[in-house]
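For reference, the structure is listed below as structure tokens.
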Amino acid sequence: MRLRAVLWLHSLRLRKYVLSLFSNALTDALWALIPIVGALAVGRQSSVAEIFWAMVAWMVIANSAWLIGGWLEYAALLGVLEYHVHASVSPLALAAGRVVTLLASVSISSAIVIAPLALLGLAPAAADTWSLAASLALLLAQAVAYGVLLAAVSVKVGVPSALLDIASLAQLGLLLLPLNPEHIGALSLIPLLGPAYLARYSARTAHASPLLAHAAAVAATMMLLALLAEKWSSKLIAQRGFRAVSFV
Amino acid sequence: MIAVVSRLALVKAGMHLWLSMYKHNKAALAAFLARPYLVLLFVSALGAGQNLVAWALLSILITSAVDSLWDIAGGAITQRLLGVLTYASLAPHRMAEILLLTYLPRYFIETLVKFAELAPLMVAGGATPAQLAAALALSLLGALPLASLGMLVASLTLLAREDAPWIDWTIPLLLVASGAIYPVAALPQLVKAVSAALPTTYLFSMAEALATNSSADWQLLLTAFLATASAWLTASLLASERIESSVFRRGGHL
């Protein structure tokens with residue numbers, strides 16, 4: 001019942017703040033189009049699909065930091081967190097519910113990027129669709145856990161949400177670097193970037209599936225850490241409350 | 001004279017606000033200090049720019065472009081949520097002016113810090129003292145057109161009663177059309193026409209000429225930059241004045 005209420009809340013907010021949703025999606029889509037257009041400009045049509053899936057993965061990572069990780073600060077500013085605690089809803093579970101917003105935004109962004117590519121006859125395909133879907137699902141699990149971990153850290157240190165996404169800029173750069181198949185085994189173990197590289201690799205070859213276990217193990221570990229962080233920060237919140245004054 | 005003193009007081013207040021924020025939030029300070037290097041990684045991976053000096057300079061300008069918009073508009077949203085924006089309607093200055101003047105010290109302080117962080121890389125890339133001085137001047141100049149866009153975004157965000165700067169998609173468009181990522185010469189004809197009206201086009205042209213030590217008509221670029229930047233700032237101030245009165249009339253500040 002509480003889960004339904006959290007999901008309902010975020011779905012309602014999607015409708016209320018529809019301009020923000022489309023703006024966020026359009027911004028991500030435009031950032032994603034930049035390297036794709038660059039690849040097309042230098043005649044690398046064959047790498048368009050790989051870059052597209054890398055950018056979808058990046059959108060999931062970046063939005064988890066911004067939408068989930070930054071949520072607590074925003075909710076604290078609104079002064080609504082205490083009410084949730086009174087209703088026995090964990091503030092971090094409330095933040096994790098923002099996965100609804102994340103999925104809506106990434107879906108719209110992907111559609112915006114696919115549209116012009118499809119018109120050019122370059123609709124992104126994948127050599128191994130199953131592995132691609134599994135990589136993205138594992139990435140989503142890791143990203144939600146990452147968002148919850150960031151939210152827990154923000155409770156402790158009070159980092160403004162605008163600064164929480166600094167890592168995503170570096171991740172964007174790292175995701176676009178040339179991918180050497182010899183290193184993919186080790187790369188798949190990196191949190192967040194691992195399943196993102198696997199999504200890229202699945203677009204290129206059908207040899208990614210044995211490596212999914214690596215990303216699954218990392219996802220399980222991250223989710224466990226997120227659960228521990230949730231308990232830790234709930235205790236911290238019970239002891240000292242929320243710090244609502246911050247700068248965006 | 002009183003108006004000048006009162007505006008200076010706003011700038012001073014902004015400086016105290018941001019210095020105090022960084023002084024009391026060490027984690028935010030650490031994140032801010034790490035950011036230019038992470039943007040540098042992004043810029044170098046994209047292949048924008050041709051050498052270390054270009055990467056460093058582009059990192060400063062791109063970070064400033066994104067920050068100017070988010071910080072001014074984000075500041076307006078935070079102030080509305082905290083309930084202090086109501087007082088802006090009672091203040092002797094316009095809301096856009098208050099947001100801009102209290103933000104400027106932060107822009108200049110952060111630009112100086114970002115420059116200090118990346119200057120060693122520029123030196124390693126072969127930048128001369130004259131190039132470093134010019135790069136610093138360009139980084140500081142960037143505030144003029146970008147802040148005007150930030151003011152507009154802030155007013156429009158409040159008007160729409162949204163919880164995020166809802167026209168932030170203009171930033172990637174602006175960067176592409178200005179030649180920050182790919183050369184203007186490689187852009188379609190229609191986009192090139194837009195580029196000519198953007199002050200950031202001349203800013204990035206000067207940055208490229210500076211980083212690659214190539215010949216450029218600096219006087220022409222600087223004149224074009226100042227002319228378009230002034231036009232943008234004037235247009236933004238006029239537009240935001242109209243939007244602002246709608247914001248207060250409709251209660252967008254509450």
Side-chain angles (χ1 to χ4, degrees), chain A residues 13 16-35 37-39 41-42 58 66-67 70 73-79 109 112 153-154 156-178 243-248, chain B residues 17-18 21-22 24-48 59 62-63 66-67 70-71 73-83 106 156-157 160-173 175-176 181-182 186-187:
Chain A
R13 283 178 49 83
K16 182 168 164 52
Y17 296 112
V18 70
L19 271 178
S20 294
L21 170 70
F22 277 98
S23 170
N24 189 51
L26 181 59
T27 307
D28 283 350
L30 289 169
W31 282 116
L33 277 168
I34 289 173
V37 170
V42 295
W58 170 74
W66 179 251
L67 296 176
E73 184 199 41
Y74 177 73
L77 280 173
L78 286 175
S109 303
I112 294 171
V153 170
S154 78
K156 173 73 179 161
V157 300
V159 176
S161 59
L163 292 173
L164 285 175
D165 73 335
I166 55 160
S168 71
L169 291 164
Q171 284 153 347
L172 176 56
L174 290 169
L175 272 176
L176 291 171
L177 291 174
R243 276 195 290 188
V245 179
S246 58
F247 301 104
V248 175
Chain B
L17 172 72
W18 297 114
M21 202 274 272
Y22 283 124
H24 292 102
N25 198 333
K26 299 287 186 293
L29 180 65
F32 160 64
L33 291 174
R35 203 151 176 258
Y37 297 110
L38 299 174
V39 177
L40 185 86
L41 191 62
F42 162 62
V43 170
S44 57
L46 267 185
S59 302
I62 290 176
T63 317
V66 178
D67 287 354
W70 267 97
D71 293 343
I77 295 170
T78 307
Q79 287 180 38
R80 182 179 68 188
L81 293 175
L82 291 171
R106 179 182 181 183
L156 286 169
T157 300
R161 299 183 74 92
E162 286 289 322
D163 68 343
W166 63 273
I167 50 170
D168 60 338
W169 44 267
T170 46
I171 282 292
L173 281 183
L175 291 175
V176 169
I181 314 282
Y182 303 119
L187 300 174

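Here the structure is a predicted model, which means the values were calculated and not measured. Per chain, numbering begins at 1; letters A, B, ... match sequence-line order.
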Value for OG (A/Ser20) from CD1 (B/Ile77), rounded to nearest 0.5 Å, stands at 7.0 Å
Does atom OH (B/Tyr37) have a neighbourhood of more than 12 heavy atoms from anything else shown, all under 6.0 Å? yes
Could you tell me whether a side-chain N or O of B/Tyr182 sits under 3.5 Å from a main-chain N or O of A/Ile34, the two making a donor and an acceptor? yes
Qualifying residues under side-chain contact (heavy atoms from CB on, under 4.5 Å), relative to A/Leu21, sequence neighbours excluded: A/Leu14, A/Ala104, A/Ser105, A/Ile108
Any side-chain heavy atom of B/Leu175 sitting closer than 4.5 Å to one from A/Trp31? yes
Within the structure provided, determine whether A/Thr27 and B/Ile171 are in side-chain contact (heavy-atom separation under 4.5 Å). no
Return the set of residues passing side chain to side chain donor-acceptor pair (under 3.5 Å) with B/Thr170 (not counting sequence neighbours), or none when no residue passes. none
